Asker: 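This is the structure I have questions about; it appears just below.
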Amino acid sequence: MYAYTPAGLPTGAPLVVALHGCVQTANDYYRNSGWTKFADLYGFAVVFPQTGSANNSLSCFSWFDASKDGRGSGEAESVVKMVAKARSLYGSDGHRVFVTGLSAGGGMAADLLADYPDVFAGGAIDSGLPAHCATTQSAASGCQNTDQRLTPAQWGDKVRRAYPGYAGPWPRVAIWQGSADTTVKPVNATELRDQWTDVWGIGQNASATRSLPGSTTQSVYNDANGRAAVALYSVAGMGHGLAVSPGSGTDQCGATGSYFLNTICSSYYTAQFWGLDGGGSTTPSLPAPTGLNATGTGPDAVALTWQAVTGAASYAVYRDGVRVAGPSTASFTDTGLSAGTTYTYTVAAVDAAGTEGARSVAVTASTGGSAPQCFTDNNYNQVKAGRATQSGGLTYALGSGQAMGLWNTFTTYTLKQTGPGYFVLADGQC
């Protein structure tokens, strides 16, 4: 974990995570990408994770490895731990954490957005791949070079399966692609567009388009409130790399080099899209609800009440950091829970424009009954016992569909049964 923080950075500032590409280093991205310029200009911290040959012979982030790019595992978990560390060091705003990456870093950024939508408010995938396109290294080249012939719904399902049960809000996603890229073919940008518009529940027809410098066309896809949810930036004639534009102008940045291509300052337009320039700030506008009370009402339910907030059109209810409901009144009953389990809740008010305010103080409540069972065994036996399934030599938890790696006797996981026929990964939790 490497980091850049402007002098005098206040607490509550945004945080950007920037992932380098193959055969690159964190220092390459620090020097060439332009993110430090906008950290100084707009006031935010930047974390530059570094992977290396111990993980991949070309120092690629392992966007194609199901054991390294899933929620709670491998490189993905490592990056999220860096986010937690940065928040503790710099006091970063947990509602304004963003991730961007180039090539393999872009593929990992897409995976992180799918795995941790509760952590990242937005992302940018530069010359990258759709989330969870491949689950093995041998399948990676197919994703890079060919149309996978999936529908938007099938692409969206790859995101939804990464964190089963998550109900939003979803990250806002910028997609950057060169039309002459022969390493990661332009079809990946189309697939990314299809994937994230489907996750947002919006169509694949652009709400607006405009021309930008560097022969770039921006296509924007708005959510139900008319706010940009997905943006596709197509750079005509650009090959494989990160779009930069060296210079002193506000809309210029970076330095040219291997895989840093002089076309347009993608970091500037990405920062604008995320609202880091103040134009679309996600700073909470409504106060946190007070008086939150949570009470277990049986083996599978918790009842919540809180004081209504003036100006709130609805509320966002979070269970263990995951948004689970959006009621219009100041109460909610959370059902379908595991018996004998303690849950933590927070609530935020949401205004008429869909902007979420500050979250309440957390409270806990426990359901009745006995705790769920846990099972630690190798993947072969987990499948044999009916707690997991296997497909194509890979193993998936029954019900949740979480990836468990190869179907063999050498790979061991702990599964927790949270409902009839429903198991979740629980390594280190039981």
Side-chain angles (χ1 to χ4, degrees), residues 14 16 38 42 93 95-100 110 113-114 117-118 120-125 130-131 152-153 155-156 159-160 166-177 189-213 216-234 251 264 266-287 309-318 323-329 347-359:
V16 172
F38 300 109
Y42 301 140
D93 183 354
H95 298 287
R96 292 188 290 168
V97 180
F98 305 88
V99 61
T100 181
L113 293 172
D118 52 328
F120 297 103
I125 300 134
W155 281 118
V159 173
R160 288 181 282 268
Y166 181 74
W170 294 103
R172 299 184 181 273
V173 181
I175 303 156
W176 287 85
Q177 179 69 47
T190 302
E191 292 169 340
L192 277 161
R193 185 275 314 271
D194 290 352
Q195 182 172 63
W196 289 100
T197 52
D198 180 78
V199 168
W200 272 87
I202 56 182
Q204 286 74 55
N205 294 321
S207 305
T209 60
R210 63 168 174 158
S211 296
L212 298 176
T216 303
T217 300
Q218 178 199 47
S219 302
V220 175
Y221 303 81
N222 291 342
D223 64 14
N225 296 313
R227 186 182 177 199
V230 178
L232 172 58
Y233 300 83
S234 179
D251 63 348
I264 180 175
S266 58
S267 300
Y268 168 75
Y269 288 97
T270 296
Q272 280 196 322
F273 175 72
W274 289 339
L276 296 181
D277 62 341
S281 174
T282 57
T283 301
S285 60
L286 292 176
V309 174
T310 302
S314 63
Y315 298 87
V317 177
Y318 289 85
R323 182 169 174 168
V324 293
S328 58
T329 59
V347 177
V350 182
D351 66 20
T355 302
E356 189 174 303
R359 295 189 195 181

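Just so we're clear, the structure is a prediction, and the values are computed from it rather than from any experiment. Below, all heavy atoms of this structure are taken into account, side chains as well, without hydrogens, waters or symmetry copies. In what follows, residues are counted from 1 in the order of the sequence shown.
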Asker: Can you tell if the side chain of Thr209 reaches within under 4.5 Å of the side chain of Ser219, non-hydrogen atoms only?
Answerer: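 Side chain of Thr209 against side chain of Ser219, heavy atoms only: contact under 4.5 Å found.
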Asker: Under the side chain to side chain donor-acceptor pair (under 3.5 Å) test against Gln204, which residue among Asp198, Thr197, Thr190 passes?
Answerer: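 Answer to the side chain to side chain donor-acceptor pair (under 3.5 Å) test with Gln204 among Asp198, Thr197, Thr190: Thr197.
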Asker: Show the nearest heavy-atom pair for residues Asp223 and Ile202, with the distance to one decimal.
Answerer: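 So the minimum-distance heavy-atom pair works out to CA-CG2, 4.0 Å.
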Asker: Is the ring pair Trp170/Trp196 parallel, tilted or perpendicular, if the boundaries are 30 and 60 degrees?
Answerer: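 It falls in the perpendicular class, over 60°.
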Asker: Find out whether Tyr269 and Thr216 are in side-chain contact, i.e. whether some heavy atom of one side chain is under 4.5 Å from a heavy atom of the other.
Answerer: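 Not in contact.
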Asker: Just wondering, do Ile175 and Val230 contact through their side chains at under 4.5 Å, heavy atoms?
Answerer: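 Sidechains of Ile175 and Val230: in contact.
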Asker: Which value, rounded to the nearest 0.5 Å, describes the distance between Leu192 atom CG and Trp155 atom CH2?
Answerer: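 Reported value, rounded in 0.5 Å steps: 8.0 Å.
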Asker: Is there a side-chain contact between Thr270 and Phe98 (heavy atoms, below 4.5 Å)?
Answerer: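 They are not in contact (no side-chain heavy atoms under 4.5 Å apart), so the answer is no.
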Asker: Take the angle between the ring planes of Tyr42 and Phe38 and call it parallel below 30°, perpendicular above 60°, tilted in between.
Answerer: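 Tyr42 and Phe38: parallel rings.
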Asker: Just so I know, are the side chains of Asp118 and Tyr318 near enough to count as touching, which here means a heavy-atom distance under 4.5 Å?
Answerer: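 Of all side-chain heavy-atom pairs linking Tyr318 with Asp118, none is under 4.5 Å.
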Asker: Please name the pair of heavy atoms, one in Ala153 and one in Arg160, separated by the smallest distance, quoted to 0.1 Å.
Answerer: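 That would be O-NH2, 3.3 Å.
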Asker: When you measure from the side chain of Gln218 to the backbone N and O of Arg210, does any donor-acceptor pair fall under 3.5 Å?
Answerer: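 No: the side chain of Gln218 does not pair with the backbone of Arg210.
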Asker: Apply side chain to side chain contact (heavy atoms under 4.5 Å, CB included) to the pair Val199 and Val173, showing each step before the final yes or no.
Answerer: CA-CA 11 Å; Val199 168; Val173 181; over 6 Å; no
Asker: Decide yes or no for Asp251 and Leu212: does some side-chain heavy atom of the first lie under 4.5 Å from some side-chain heavy atom of the second?
Answerer: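 In short, these two side chains do not touch, never coming nearer than 4.5 Å.
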Asker: Might you point out which heavy atoms bring Ala131 and Gln195 nearest each other, and give the distance in Å?
Answerer: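 Closest heavy-atom pair between Ala131 and Gln195: N-OE1, 2.9 Å.
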Asker: Indicate the atoms forming the closest heavy-atom contact of Leu113 with Phe120, along with that distance.
Answerer: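 In this case the closest contact between Leu113 and Phe120 is CD2-CB, 3.8 Å.
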Asker: Which atoms form the tightest heavy-atom contact between Pro213 and Ile264, and what is the distance?
Answerer: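 Result for this residue pair: O-CD1, 3.3 Å.
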Asker: Check whether Trp176 reaches the backbone of Ala189 with its side chain - one donor and one acceptor, N or O, closer than 3.5 Å.
Answerer: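 Not confirmed, Trp176 side chain does not pair with Ala189 backbone.
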Asker: Angle between ring planes, Tyr233 versus Phe273, binned at 30° and 60°: parallel, tilted or perpendicular?
Answerer: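 Correct class here is perpendicular.
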Asker: Do Asp277 and Tyr268 have side chains that get closer than 4.5 Å, going by heavy atoms?
Answerer: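 No, their side chains stay 4.5 Å or more apart.
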Asker: Verify, without hydrogens or angle tests, whether Arg172 (side chain) and Ala228 (backbone) share a donor-acceptor contact under 3.5 angstrom.
Answerer: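 Yes; at least one donor-acceptor contact below 3.5 Å.
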Asker: Can you list the residues that meet the salt bridge (Lys or Arg N to Asp or Glu O under 4.0 Å) rule with Asp194, with sequence neighbours excluded?
Answerer: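 Asp194 satisfies salt bridge (Lys or Arg N to Asp or Glu O under 4.0 Å) with no residue once adjacent residues are dropped.
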